[in-house]
A.B. asks: 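I have a structure I would like to understand better, so I am pasting it below and will then ask my questions one at a time.
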Amino acid sequence: MRIGRLSGRLSILIGDHAIDVERASSGRFPADPDEVFERWNEFVEWAEGTDAAKARKFEPGELGSPVLRPAQVFAIGLNYRAHAAESGVDTPDAPTVFTKFRTSLTGPYEPVVLPTAGVDWEAELVAVIGRRAERVPEEEAWSYVAGLTAGQDLSERAVQLAGPVPQFSLGKSYPGFAPLGPVLVTPDEFDDPGDLEVSCSLDDEVLQKGRTSDMVFSVPQLVARLSAVCPLLPGDLIFTGTPPGVGMARTPQRYLKPGTTLLTAIEGIGELRNRLVAGNGYQEPR
Ligand code: ZN
């Protein structure tokens with residue numbers, strides 16, 4: 001199943017048609033997508049019986065972020081060997097965990113403001129939790145995942161790496177620094193949800209292309225490792241890390257420029273298209 005936030009309302013998506021969940025369920029399920037994860041299994045069961053004939057045609061531009069108010073957002077750094085290597089560090093033996101504060105979430109087609117000329121791209125697979133997960137073994141972890149979506153972990157590198165013991169979270173949490181979408185896809189929709197192409201382009205230029213099967217810690221391993229410490233709650237997000245090709249690791253280093261469009265795609269899910277605009281503090285690099 002594919003679901004989305006269509007003009008603000010939870011909808012089941014079938015090709016270019018959509019079923020409004022609150023109306024089709026006569027109010028049994030909420031119109032707000034953020035509220036459905038508490039009752040995810042019940043919702044999935046009901047959704048299997050919905051009548052596709054009731055679907056209406058929709059325009060992709062109506063889609064917003066499938067999740068906007070998660071209780072927790074986990075993000076994993078250095079989770080692809082080649083990205084760890086380009087960052088000048090060894091492959092981690094434990095996940096590098098930070099958060100993106102939830103006010104950074106935005107929709108798949110929203111413009112994103114660049115606060116400085118030091119903002120970098122990181123295309124990422126994002127897992128959405130479908131039921132409370134506490135000390136979940138890796139083998140059972142997929143059953144706790146409601147679905148997968150595409151995300152960008154935009155990063156202001158100077159803020160991210162400032163201080164004697166850099167804490168990544170703030171530099172990755174400016175407004176709009178976490179575009180998400182365009183849809184949420186349940187794991188059963190994929191031939192192999194553990195092996196998907198992740199890519200990122202700026203206008204027509206490909207910047208990143210990788211496969212999630214190259215992750216150091218897979219989605220099930222992350223659910224196991226994170227839930228060993230924090231209970232994961234319905235609707236929580238896990239940004240699973242980025243493949244190689246970020247701007248900071250290039251020679252010369254490269255960052256995002258206003259007037260361009262950042263495209264972030266994941267196989268079987270879809271593509272984010274975020275136009276980049278200059279913020280008040282943006283100064284052209286010399
Ligand atoms: Zn990242």
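In listed order, ligands and their atoms are each counted from 1.
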A.B. asks: So Glu189 and Arg2, salt bridge (Lys or Arg N to Asp or Glu O under 4.0 Å) or not? Walk me through it.
C.D. replies: CA-CA 8 Å; Glu189 291 274 318; Arg2 302 166 77 83; 5.2 Å; no
A.B. asks: Can you give me every donor-acceptor pair (side chain of residues 136-144, partner residue at least two apart or in another chain, under 3.5 Å) with its distance?
C.D. replies:
residue: Ser143; atom: OG; partner: Arg131; partner atom: NH2; Å: 2.8
residue: Ser143; atom: OG; partner: Glu140; partner atom: O; Å: 2.7

A.B. asks: So which of Leu263, Leu262, Asp153 actually passes side chain to side chain contact (heavy atoms under 4.5 Å, CB included) with Trp121?
C.D. replies: Leu262
A.B. asks: What are the protein N/O/S atoms, named by residue and atom, that sit under 2.8 Å from the Zn ion (ligand 1)?
C.D. replies: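 Hits for the Zn ion (ligand 1) below 2.8 Å: Glu122 OE1, Glu124 OE2, Asp153 OD2.
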A.B. asks: If you measure from CG on Leu207 to OG1 on Thr242, what distance do you get to the nearest 0.5 Å?
C.D. replies: 10.5 Å
A.B. asks: Checking side-chain polar atoms at under 3.5 Å, does Ser227 have a donor or acceptor matched by the opposite partner on Arg135?
C.D. replies: no
A.B. asks: Say you draw a straight line from NZ of Lys172 to CD of Glu122; how long is it, rounded to the nearest 0.5 Å?
C.D. replies: 3.5 Å
